[in-house]
Participant: 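What follows is a structure written as structure tokens; I'll ask about it next.
Below, each value reflects all heavy atoms present in this structure, side chains not excepted, and no hydrogens, waters or symmetry copies. When a ligand or atom number is given, it counts from 1 through the structure's own listing order.
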Amino acid sequence: MKFKSVKGTKDVLPEESHRWQAAEQAIRSVMHAFNYKEIRTPVFEETALFARGIGELTDIVGKEMYTFIDRSETSLTLKPEMTASVIRAYIQHNLGELQPLTKVYYLSPMFRQERPQAGRLRQFHQFGAEAIGGPNAEIDAECIALAVAVYEKLGVKNFTLKVNSVGCEKCRPAYKEKLVAFLRGVQDKLSPESRERLEQNPLRVLDSKDEGDNALTRNAPLMKDNLCEECANHFSRLLSGLTSLGLSHEVDGRIVRGLDYYTKTAFEIITGDLGSQDALAGGGRYDLLTAQLGGKPTPAVGFAAGIERLLMVMEKQQLIASNDIRPVLFIAGADDEGRTWARSKAFELRRAGIACETDLLGRSLKAQMREADRQKAQFVAVVGSQELQQQQVTLKNMSSGDQTTVATDNLSAELQHRADSK
Ligand code: AMP
């Protein structure tokens, strides 16, 4: 074969797209129930939006971005995450002036040049939400409840909500020193990746996937035990907020976020059903980002969640979305006159919103009946000159086998009625 999809990208084929649509519909309905409105931003942005010379190493900024120079010599990057784009749009369009708390959600492709494996793609899709404009822990709790509600709505089981606090610009520097001092003591035994992180972004050593690293850092100081008063209060309000919303959660002091604009709340939703790529969603508070992007300081919180991983978990848990995209009626033509009538009747019914199919390949009546079966049409009508002369057709219900005779002029109303009373 001459062309194949690029490594790390995937086609969603016609037979599986209904699963995406069902998930997307559930996501949207939960977002709307929480009064979040959709935001859509371009697929690419100026590279500097994502790589702001923060001096800290993240996997995304370090090596995973799809960056290219366009013909006007501008460096552009396919978005690897959504938060920076949302905040860029928030500042650019003064969204904060419209209301004190801006609540937005998105469904969007993301691009990261990672090593592809099950559950890890180079073009993948995320849904997520951002609540911009408030510092209170109750907003964090609502945002977490929103993420959890999506999984609940889709019937997903076997997931765990883990929460932590990553402190703020006041308490984190002193903690970081403490952590680095501890890590220096075991430096020689750490994995090469963690040794690199120790220099660039020491907090990330704590969420290493290497078991040796985890054993070495078992007694490392944790941010949650070194919070300033404000962060400690925020964290305890978050925990009681989650409890009062009835959301079971675990405190996990090893959950960190990669960038220094993250403050206070950090959370993850993980599943036991996906092997090593077990993170379904991650999020947290990022009170320092808006100012870093040139806006006025504005506290915010949000999360992002993988749609492919959501669908993988749903498949594993056999939460099959039903595929109701199928013709209500298949009109089979018994002769040329019937075929001509079938085409124009199909057009009329389709315009009335009734999903309808007819043969365009000149197939025999038998082959048309097989096709109607394959398409899982609810009803079939066989039409030829005889039926047209009598101005009535026989509607066969394909699941019960029942047959009813309907006047050709009443076909639309009859199908509409049956669809409504289904
Ligand atoms: P992050 O933006 O890295 O916090 O990721 C948030 C969520 O997006 C993760 O929990 C995953 O569910 C999903 N995700 C991140 N990277 C990938 C990827 N390369 N392929 C598929 N899903 C991903």
Participant: Under a 4.0 angstrom heavy-atom cut-off, which atoms of ligand 1 come close to Ala279?
Facilitator: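 Those qualifying, in numeric order: 9 (C), 10 (O), 11 (C), 12 (O).
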
Participant: Can you sort out which atoms of ligand 1 are near Gly306, meaning under 4.0 Å from one of its heavy atoms?
Facilitator: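 Close to Gly306: 7 (C), 8 (O), 11 (C), 12 (O), 13 (C).
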
Participant: Using modelled atom types and a 3.5 Å cut-off, is there a donor and acceptor pairing between side-chain atoms of Asp207 and backbone atoms of Ile255?
Facilitator: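 Looks like no, no N/O pair under 3.5 Å.
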
Participant: Check for me whether Gln277 has a heavy atom closer than 4.0 Å to any atom of ligand 1.
Facilitator: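 In this structure, Gln277 fails to qualify as a contact of ligand 1 - no heavy atom is under 4.0 Å.
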
Participant: Could you give all pairs that pass the ring-ring contact (aromatic ring centres under 6.0 Å, His included) test and reach residues 198-245, with sequence neighbours left out?
Facilitator: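 Found none.
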
Participant: Would one find more than 12 heavy atoms of other residues, nucleotides or ligands at under 6.0 Å from atom CD of Gln99?
Facilitator: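 Correct, the count exceeds 12.
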
Participant: Out of Phe303, Phe111, Phe124, whose heavy atom sits nearest atom 18 (C) of ligand 1?
Facilitator: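 Answer by nearest heavy atom: Phe124.
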
Participant: If you count the non-hydrogen atoms of other residues, nucleotides and ligands that lie under 6.0 Å from CD in Gln403, is the total more than 12?
Facilitator: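 Yes, because the 6.0 Å sphere around CD of Gln403 holds more than 12 heavy atoms from other groups.
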
Participant: Would you check whether Ala304 has a nitrogen or oxygen atom less than 3.5 angstrom from a nitrogen or oxygen atom of ligand 1?
Facilitator: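 N/O-N/O distance under 3.5 Å: no.
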
Participant: Between Glu38, Glu130, Glu142, which is the residue that forms a salt bridge (Lys or Arg N to Asp or Glu O under 4.0 Å) with Lys103?
Facilitator: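 That would be Glu142; it is the only one of Glu38, Glu130, Glu142 passing the salt bridge (Lys or Arg N to Asp or Glu O under 4.0 Å) with Lys103.
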
Participant: Before we go on, tell me: are the rings of Phe267 and His249 under 6.0 Å apart, centre to centre?
Facilitator: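 So the answer is no for these two rings.
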
Participant: Below 4.0 angstrom from a heavy atom of Ala281, which ligand 1 atoms are there? Numbered from 1 as shown, please.
Facilitator: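 Within the 4.0 Å cut-off of Ala281, ligand 1 contributes 10 (O).
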
Participant: Work out whether the distance between some heavy atom of Arg112 and some atom of ligand 1 is less than 4.0 Å.
Facilitator: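 Distance cut 4.0 Å: Arg112 passes for ligand 1.
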
Participant: So if I count the atoms of ligand 1 from 1 in the order they appear, which ones are less than 4.0 Å from some heavy atom of Glu114?
Facilitator: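 So the atoms of ligand 1 that pass are 16 (N), 17 (C), 18 (C), 19 (N).
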
Participant: From Leu78 CG over to Arg122 CZ, what is the distance, rounded to the nearest 0.5 angstrom?
Facilitator: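 Taking CG in Leu78 and CZ in Arg122, the distance rounds to 13.0 Å.
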
Participant: Which ligand 1 atoms does Arg257 reach within 4.0 Å, using its non-hydrogen atoms?
Facilitator: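 What qualifies from ligand 1 is 4 (O).
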
Participant: With respect to Gln126, determine whether any N or O atom, backbone or side chain, lies less than 3.5 Å from an N or O atom of ligand 1.
Facilitator: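 N/O-N/O distance below 3.5 Å exists for this pair.
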
Participant: Could you go through Glu348 and Arg351, starting from their C-alpha distance and side-chain angles, then the distance that decides it, and tell me whether this counts as salt bridge (charged side-chain N to carboxylate O under 4.0 Å, His left out)?
Facilitator: CA-CA 5 Å; Glu348 178 195 319; Arg351 281 197 292 190; over 6 Å; no

Participant: With heavy-atom distances below 4.0 Å as the criterion, list the atoms of ligand 1 near Leu121.
Facilitator: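 Counting atoms of ligand 1 from 1, those under 4.0 Å from Leu121 are 18 (C), 19 (N), 20 (N), 21 (C).
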
